[in-house]
Asks: 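Just passing along the structure, written as structure tokens.
Labels below follow one simple rule: chain letters A, B, ... track the order of the sequence lines, proteins then strands, and each chain is numbered from 1.
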There are 2 protein chains.
Amino acid sequence: MTLEGKMLIGQQAIRGQRDAIFAINPATNHRLEPAYPGGTQEDVDIACQLAWDAFDIYREIPLTDRANFLETIADNIESLGDELIDRAVEETGLPHARIQGERGRTCQQLRLFAKTVRAGEWLDVRIDNAIPERHPLPRADLRQRHIALGPVVVFGASNFPLAFSVAGGDTASALAAGCPVIVKAHSAHPGTSELVGRAIQSAIAQSGLPEGVFSLIFGSGREVGHALVTHPTIKAAGFTGSQSGGLALWRAAQSRAEPIPFYAEMSSINPVFLLPEALKSRGATLGEAFIGSMNMGAGQFCTNPGLVIAVQGPELDTFISAAKHALEGSEAQTMLTPGIHEAYEASLKTLSTSKAQEVARGQNEQGPNQCRPGLFMTSATDFLADETLQAEVFGATSLIVACQNEAERRHVAEHLEGQLTATLHMEDDDTEVARALLPVLERKAGRILVNGWPTGVEVCDAMVHGGPFPATSDARTTSVGTAAIFRFLRPICYQDLPAELLPDALADDNPLALNRLVDGQRPIK
Amino acid sequence: MTLEGKMLIGQQAIRGQRDAIFAINPATNHRLEPAYPGGTQEDVDIACQLAWDAFDIYREIPLTDRANFLETIADNIESLGDELIDRAVEETGLPHARIQGERGRTCQQLRLFAKTVRAGEWLDVRIDNAIPERHPLPRADLRQRHIALGPVVVFGASNFPLAFSVAGGDTASALAAGCPVIVKAHSAHPGTSELVGRAIQSAIAQSGLPEGVFSLIFGSGREVGHALVTHPTIKAAGFTGSQSGGLALWRAAQSRAEPIPFYAEMSSINPVFLLPEALKSRGATLGEAFIGSMNMGAGQFCTNPGLVIAVQGPELDTFISAAKHALEGSEAQTMLTPGIHEAYEASLKTLSTSKAQEVARGQNEQGPNQCRPGLFMTSATDFLADETLQAEVFGATSLIVACQNEAERRHVAEHLEGQLTATLHMEDDDTEVARALLPVLERKAGRILVNGWPTGVEVCDAMVHGGPFPATSDARTTSVGTAAIFRFLRPICYQDLPAELLPDALADDNPLALNRLVDGQRPIK
């Protein structure tokens, strides 16, 4: 497939009329063809109108059709073969193996949502049958299901060009919910976006769906992104990116005449708590493993362990020595974009002028836009006094906070902002320390891990990739895992609706074989 | 029990230090003793700190204890006997029978939430067991449950002094979710609020719960309400009231350093669609029944039918004649407060100067603050041209919109703002007309009724009392029915948490006998 540099508006491929962006190969700083001119307000209007026209149809197609459509997208992405892998590697500087793994995850995610759509539990069907003989007032027949919110805007993320981008988790969950999707492509990987976008566009034609179920638009977040989020036909949006970008769009969504849900997954420093017995029994191993997790993808993961919290002493020193040693042997890795690399360097400069002390740096850069890893350390007192030490450093640099005792550690934990994850490294004899920390961590994070590393987010039913503000704009949801579908749904109740008008999900004979709550009970299907 | 005019801060009864409010008997305009001085910022701080201190404990008490606590509140409210009924009647001007019915509903609601708490489906437990042998990467053990958001502020509503007030649906669902509650009492019924507040306060002592699980504060929404919503310990709020009041507090909640969910149930005009065959076969009956629903509680229901949409012709004329006749015989009824009565009069004045024409008025006022019902009519063209005709008239006045044909009716439907309810009156032969309207109504309303009247909101599993903006600030939820509990919860995932630290809900042997999703399946318990 030849890349055309065009936006996908419904079944059309359209050249934008605004300033063109080019992808940059961050490993070489070379510009990649073709040019991707940005969309105009008119392009946004057309895509939104198409999405609106498609909405009433798409949200009511049979669940099996919707599931098959998601699977067709996955098949089409796989059919792109090496062309997709090669282009994504060029555009992101990420290794081949990583992009291949991410493709697998993206397709598995689409197929898992297909399964979720078929099972239909997300409809949350509740039926309260009429009780005409009830006194003093009869009860009407009341039936609840969930329906799609409306057209959804998805913002591609820089750090997962497949799994959090054009056909990533936000798109998959919104399509699964029955919402048409308009993707604002991330400007760092337009070619990857075009390829994946065409895979979705083809799947729509193959599935016989209304063309407005999907569009892909290029351009800046401030212009095209803002125009999309404030368009009256748009009823929700999903975003993964920086706190400043996320909050600006979130504010735009809240300032509309009709405010809409804006799901922003923003910043998290993912604290790791090293408990005493774990530190004592395997401090050196932990130090090495920690650097391994920190270095993954040049530290450009939402769940990168950016903060280690431990009680000072010789056991912590052992951990630090091992981490230092591992770090000093770590090669610099290419970052996603020149801009991200620049921001990383600026963050390091800020850290260097703070009260935090440099413990070690990794090996020198060997090419453009490389992330030279870093490890810093500070006292709990200084950490508590300086809010800027909680700022996310996007890249492979972490901060160790040394506490005087468990009381001070708990103080530090209470002082943390909302996080995607919190991790405990512990042995059996640490159980009581862990038990005391747990309620604090539950209030702070969406996922709590024991004896693992937060990088690596399983796509499954039980996953929560979310957490209290500012990790996300809405702690009531997750952006990874099947529960992500609930972000794009709302409940609706039908009272005494005649049988011939009832949606299949609510029909008396349960033709979809759904798990339904009937008069407060769940009868065996 | 002697009313003391005091706020309830934890287990204390405290006299406020700010300007006092008095309840006014709207039927006589007489001031009711005692004085209720308002709370200060310091009172807010103390109540919030108590709620915060109670939170980690209360959210983890056994489900049976939490359920028993809700039932104890219901018992205590019933034990207040006639004193509660008499005071509520005095403070609201509502009839005895109505207040008695509302007490029954309030207690039934608390008991239904107790049942919901025990069943534990709201925990939405999802378990994905570890797959250590999976290649290329093993799967960790992942377990999800829902936990309470944190302390919640509830704003008492004027129009349901029991069911949407101190121990109403918001309080019941928040307590059920595991959130401490601080109620900002509505200034129109402080005595009722004190009585019910003491019933909750006693239930806390009887149940051995931390005192901060409940507080009750008096004062203005702009001062005390704002102070509560912007307090850092508060993690969500529930509100039922006017659009201006709701939006002001909603904005305050979104402007916090950490924005929080603010569930405002605001305004709705609850369109009623009279379809041709229904109008033909029972126009007169419908006209009479419509006025009955419109007059309920002097029209001061969130679900009052404020808009009738029909195609013009002799059948509509029959409906209007019957409605006119019923209305002209309708007595004026006392409204909840002098302020509400004043606002009603102002709305009527606005309507009179609009293009809408007066069809009829009810009988003249016989006392202070009485609502003289009204019926107006307009053409679809004028309705579409004048947004102010969509403004809610809080009271017993409705507007009939006469359309030229079904196409124009559909136009009017598409033009409507978000609503709590939409109603169809139809016969079998109206099915195709109804089918064409249904998708529009689904996008506009939280509940769709057939051949009933929207007043009367069943408290059950399937109810949705919510809907798109501006009916509520968050269409993804309901404020009535058991699903209301989800407003105050968030998901959390535990990865490889040792068995001894796992909450009971997530333990391997399922000690709470919950309905859980395990590896994508729901095993029989």
Side-chain angles (χ1 to χ4, degrees), chain A residues 56 60 115 121 124 126-128 137 139-140 142-144 147 149-150 254 258-259 261 418 431 434-435 438-439 442-443 445-452 456 458 460-464 466 468-470 473 475-478 483 489-498 500-501 515 517 520 522, chain B residues 56 60 115 121 124 126-128 137 139-140 142-144 147 149-150 254 258-259 261 418 431 434-435 438-439 442-443 445-452 456 458 460-464 466 468-470 473 475-478 483 489-498 500-501 515 517 520 522:
Chain A
D56 277 352
E60 293 296 347
K115 212 176 129 195
E121 293 223 341
D124 190 13
R126 296 150 172 256
I127 297 179
D128 290 306
L137 289 170
R139 184 170 82 179
L142 293 150
R143 298 173 189 234
Q144 183 188 127
I147 62 171
L149 281 182
Q254 303 318 308
E258 178 198 3
T431 300
R435 199 187 299 281
L438 210 49
E442 286 174 334
R443 280 191 269 106
R447 178 164 56 113
I448 297 173
L449 303 79
V450 172
N451 293 338
E458 185 76 31
C460 61
D461 293 320
M463 179 50 63
V464 176
F469 189 92
S473 59
R476 294 165 297 174
T477 64
T478 173
L489 296 166
R490 45 174 274 257
I492 184 162
C493 172
Y494 304 86
Q495 180 172 325
D496 290 332
L497 204 69
E500 60 273 30
L501 289 175
N515 172 8
L517 187 69
R522 293 198 181 271
Chain B
D56 276 353
E60 293 296 349
K115 213 176 129 196
E121 293 223 342
D124 190 12
R126 295 151 171 257
I127 297 179
D128 290 306
L137 288 171
R139 184 170 83 180
L142 292 150
R143 299 175 188 233
Q144 184 189 125
I147 62 172
L149 280 183
Q254 302 318 307
E258 179 198 1
T431 300
R435 200 187 299 282
L438 210 48
E442 287 175 334
R443 280 191 269 104
R447 178 165 55 114
I448 296 172
L449 301 81
V450 172
N451 294 337
E458 184 76 32
C460 62
D461 293 319
M463 179 49 62
V464 176
F469 189 90
S473 59
R476 294 166 297 175
T477 64
T478 173
L489 296 166
R490 46 175 273 256
I492 185 163
C493 173
Y494 303 86
Q495 180 171 326
D496 290 333
L497 203 70
E500 60 271 33
L501 289 175
N515 172 8
L517 187 68
R522 294 198 181 271

Asks: If you round to the nearest 0.5 Å, how far is CG of A/D496 from CZ of A/R139?
Replies: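 Between atom CZ of A/R139 and atom CG of A/D496 there are 11.0 Å.
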Asks: Under 4.5 Å heavy-atom distance to chain B, tell me which part of A/L137 shows up: side chain, backbone, both or neither.
Replies: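 Neither the backbone nor the side chain of A/L137 comes within 4.5 Å of chain B.
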Asks: Measure the shortest side-chain to side-chain distance between B/I492 and A/V464 over non-hydrogen atoms and say whether it is less than 4.5 angstrom.
Replies: no
Asks: For chain A, find which of B/L142, B/T478, B/N451 contributes the most heavy-atom pairs closer than 4.5 angstrom.
Replies: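 Option with the greatest count: B/L142.
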Asks: Is A/D56 close to chain B through its backbone or its side chain, or both, or neither, when contacts mean heavy atoms under 4.5 Å?
Replies: side chain
Asks: Report which part of B/A445 has an atom under 4.5 Å of a heavy atom belonging to chain A: side chain, backbone, both, or neither.
Replies: backbone
Asks: Who pairs with B/R490 by side chain to side chain donor-acceptor pair (under 3.5 Å), at least two apart in sequence or on another chain?
Replies: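 Counting only residues at least two positions away or on another chain, B/R490 forms no side chain to side chain donor-acceptor pair (under 3.5 Å).
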Asks: Answer with side chain, backbone, both or neither: which region of B/L517 has an atom nearer than 4.5 Å to a non-hydrogen atom of chain A?
Replies: side chain
Asks: Check whether B/L438 gets within reach of chain A through its side chain, its backbone, both or neither, counting any heavy atom under 4.5 Å.
Replies: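 B/L438 touches chain A through side-chain heavy atoms alone.
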Asks: Hey, which of A/G466, A/S473, A/G520, A/P439 has the most heavy atom pairs under 4.5 Å with chain B?
Replies: A/P439
Asks: Sort out for me which of A/G150, A/A475, A/G418 touches chain B most, counting heavy-atom pairs under 4.5 Å.
Replies: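 So the answer, after comparing A/G150, A/A475, A/G418, is A/A475.
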Asks: Please determine, among B/E258, B/E60, B/E121, the option with the most heavy-atom pairs under 4.5 Å with chain A.
Replies: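 The residue among B/E258, B/E60, B/E121 with the greatest pair count is B/E121.
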Asks: Quick one: pull up CD1 in B/I448 and CZ in A/R143 and give me the separation to the nearest 0.5 Å.
Replies: 14.5 Å
Asks: Where does B/R435 contact chain A at under 4.5 Å (heavy atoms): side chain, backbone, both or neither?
Replies: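 Both backbone and side chain.
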Asks: Any idea which of B/E500, B/E458, B/M463 has the most non-hydrogen atom pairs under 4.5 angstrom with chain A?
Replies: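 Most pairs with chain A among the choices: B/E458.
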Asks: How would you list, by chain and number, every residue that makes a side-chain contact (heavy atoms from CB on, under 4.5 Å) with B/D124, sequence neighbours excluded?
Replies: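 Here the qualifying residues are B/R126, B/Q144, B/H146.
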Asks: What part of A/I147 gets within 4.5 angstrom of chain B, counting heavy atoms only: side chain, backbone, both, or neither?
Replies: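 Only the side chain of A/I147 comes within 4.5 Å of chain B.
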Asks: Taking side chain as everything from C-beta outward and backbone as N, CA, C, O, which of these in A/P491 sits under 4.5 Å from a heavy atom of chain B? Side chain, backbone, both or neither.
Replies: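 Both backbone and side chain of A/P491 come within 4.5 Å of chain B.
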